[in-house]
Structure formats: C-alpha cells, structure tokens
Student: 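I am attaching a structure below and will ask some questions about it afterwards.
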Amino acid sequence: MAIIHKSIYGTPMSLPQMRTFIEVYRRRSLSDAARALGITQPAASQHIASLEAQLGHPLFDRHSRGVRPTAIADDFAASIGGSLDRAEAALASARARSVQMSGTVHIAAPSDLLGEMITPRLGPLLDAGLDLRLHIGGRDALYAMLLDDKVHLGITASRPEDARLAYQKIGSEDLRAVAAPAIAEQMGRMPLSEALNTVPCLAYDLDRPLVRNWLAVNQIEVGRLPALTAPDLRVLRSGLCAGLGWTVLPGYLTSAERTACTLVEIAAPVRVPTNAYYLVWAKSSLRHPRVALARDALIGALQA
C-alpha cells in the first residue's frame with residue numbers, strides 16, 4: 001500500500017493503519033474493530049503497534065474490557081478522523097456510480113415508519129441492483145444495531161449523539177392530536193385540559209414521546225398515565241378509529257382518515273409541533289460502495 005498521508009507529527013501513515021486506528025478509537029476494542037474491518041485481531045494489533053512505533057508514543061492503554069485511548073490518541077483522532085470518513089465516503093460513492101452494484105443492505109426503522117413511509121419508496125434501491133433486508137427497531141435498538149454492524153442504515157425521529165454515527169435530516173411531519181368524531185365531540189363539551197385528562201390517552205409507551213411533545217408546545221399538563229400503549233403507531237390509529245380515546249400521531253399516519261372524517265383533529269391551542277426524521281449510519285459503514293449507494297438513493301427517494 002502506498003503511503004498516502006503524513007500526520008501532524010511528520011510521520012507517513014498508510015490508509016489501513018489509519019483506518020484501523022480510527023476504528024479501534026471509536027469502538028474502544030481491538031477485537032470489535034478487527035471484526036468491523038474484516039481483518040484478524042493480530043493484524044489490527046500490528047497496525048496499532050506500527051503507528052505507536054512511528055509516533056514514539058502509546059496510543060492505547062490495554063485493560064480487561066478493551067482499550068482506553070491516550071491523550072496522543074485523542075489528538076490524532078481529532079486530526080484525521082473526519083478527513084478519513086469524508087475521503088472513504090467519497091471514494092465509495094464514486095465506486096458505486098462507476099460499476100454495476102450488487103449486494104445486500106440492511107435497513108432498520110420503527111415498524112410504522114417502515115411500513116407507511118419507507119418501504120413504498122425503496123424502488124430506486126432495488127432498481128440499482130441491491131438486495132434489501134428490513135429490520136424493526138426503536139431509537140435505542142436501532143442505534144445498537146448500527147454500532148454492532150447488524151444494519152447499515154437506520155431511520156429514526158431522533159438525532160444520534162454518539163460520535164461514531166452520522167446523520168442527515170430527510171423530512172419532517174406535523175404532530176396532530178386526533179380522535180374519532182364521537183370522542184372529539186365528547187371532548188369538545190369541556191375545557192381542553194379537562195378533556196385530555198378525562199378521556200383515555202393512547203401512546204407509544206409510558207413515556208408518551210409524541211403526546212408529551214404536543215402537550216409541552218401547547219402548555220397543557222396531563223397527569224394520568226396512558227390507558228393503552230403499543231410500540232406501533234398503526235395500532236394506536238386502529239384504536240382511535242374504534243373510539244378508544246385520543247392520541248398524537250404524525251400527519252402521514254392520519255391524513256387519509258382525516259380526509260375521510262373517520263378521525264378528526266383536536267385543535268392545538270398554541271401551535272402544531274413538527275417532528276423531524278433522520279437517516280442515520282455508522283461512519284465506518286460508508287467505506288462499502290453498496291452502502292454509500294443505498295444511502296444516496298434513499299436520501300433522494302425520501303426527500304422527493
């Protein structure tokens with residue numbers, strides 16, 4: 001491998017060595033980094049040892065649960081990490097455009113988002129020659145799958161804070177409080193705050209993420225726990241249509257029902273909040289051309 005980089009310490013570095021260093025730094029584990037890179041652990045250790053010999057300083061302290069970066073490693077990662085990610089992503093995108101692509105890409109999202117918004121827009125990825133494997137997962141499970149290399153791309157309504165993950169906003173939806181007409185009429189006969197605390201609330205879970213957002217924006221407190229929870233917003237939609245109570249859902253999930261008047265909106269006294277959606281990926285995964293192609297195609301399809 002030709003020498004392609006000279007570090008801030010004046011020492012030439014090879015791409016495999018830098019790639020291994022960044023992967024070990026982000027994962028805090030030689031074995032995990034080796035598995036992600038498709039190399040053996042001895043090879044990963046050799047790359048790190050070579051860098052340490054060139055730099056004249058240790059990069060990691062070994063301990064029973066993995067490795068801990070030194071101050072030199074922190075500086076070195078800050079120097080090359082972003083540049084390496086961008087270079088590898090650009091190279092993978094160029095390769096994806098220049099050859100007939102094939103292979104399998106794993107995509108994860110919450111079940112309702114996957115069923116209602118994502119799957120109908122996957123045609124461009126199939127047309128590009130990719131095989132797709134779809135997985136269901138909420139925010140925490142989705143991030144874990146990305147970091148464990150079990151999936152390549154994820155779609156979620158939260159922005160990741162982990163430095164190993166990158167993301168791009170792909171859209172947003174209004175969050176609307178809705179109920180069946182008879183329930184909405186019943187709620188309309190009392191003050192809104194009283195109605196929301198009296199009529200059963202349906203929610204994704206006990207934390208009520210969408211409901212809590214809508215209530216906070218509209219300065220309303222609801223003290224009672226949800227009467228019904230389900231980790232699939234389509235289940236909540238079915239419950240609403242059956243007259244079980246009220247909830248807050250993204251606009252795309254109730255557009256048809258509101259048009260048909262099988263569900264009606266409960267007017268927001270202050271404003272209707274919005275919920276952003278993000279495409280998320282592990283930075284290291286973009287070195288694979290098929291993942292870069294799938295990411296670019298999915299962004300185009302979801303933003304169209």
Student: Residues two or more places apart in sequence or in another chain: which of them pass side-chain hydrogen bond (donor to acceptor under 3.5 Å, both in side chains) with His152?
Tutor: none
Student: Keeping to residues at least two apart or across chains, list the salt bridge (Lys or Arg N to Asp or Glu O under 4.0 Å) pairs with something in residues 140-153.
Tutor: Arg27-Asp149
Student: Answer yes or no for Arg19 and Phe21: cation-pi contact, defined as NZ/CZ to six-membered ring centre under 6.0 Å and angle to ring axis within 45°.
Tutor: no
Student: Sorted by first residue and then second, give each salt bridge (Lys or Arg N to Asp or Glu O under 4.0 Å) pair with at least one member in residues 48-62; sequence neighbours left out.
Tutor: Glu52-Arg62
Student: Using the salt bridge (Lys or Arg N to Asp or Glu O under 4.0 Å) criterion, which residues pair with Glu173? Sequence neighbours excluded.
Tutor: none
Student: Apart from Val235 itself, what residues make up its hydrophobic cluster, given side-chain heavy atom links below 4.5 Å?
Tutor: none
Student: Is there a side-chain contact between Tyr25 and Phe60 in this structure, where contact means two heavy atoms from C-beta onward sitting under 4.5 Å apart?
Tutor: yes
Student: Can you list every side-chain hydrogen bond (donor to acceptor under 3.5 Å, both in side chains) pair that touches residues 189-208, not counting sequence neighbours?
Tutor: Asp207-Arg212
Student: Please list, chain by chain and in numerical order, all residues satisfying salt bridge (Lys or Arg N to Asp or Glu O under 4.0 Å) with Asp74, sequence neighbours excluded.
Tutor: none
Student: Mind jotting down which residue pairs meet the side-chain hydrogen bond (donor to acceptor under 3.5 Å, both in side chains) criterion with at least one end in residues 108-123? Sequence neighbours excluded, please.
Tutor: Ser111-Asp232, Glu116-Arg237
Student: Could you pull out all residues at least two apart from Glu265 that satisfy side-chain hydrogen bond (donor to acceptor under 3.5 Å, both in side chains)?
Tutor: Arg176
Student: What pairs with Ala195 under side-chain contact (heavy atoms from CB on, under 4.5 Å), at least two apart in sequence or on another chain?
Tutor: Met187, Met190
Student: Going by the rule side-chain hydrogen bond (donor to acceptor under 3.5 Å, both in side chains), which residues pair with Asn213 if we only count those two or more places apart in sequence or in a different chain?
Tutor: none
Student: Starting from Tyr167, walk the hydrophobic network (Ile, Leu, Val, Met, Phe, Trp, Tyr; side-chain heavy atoms closer than 4.5 Å) and list everyone else you reach, by chain and number.
Tutor: Leu142, Tyr143, Met145, Leu146, Leu147, Val151, Leu165, Tyr278, Val280
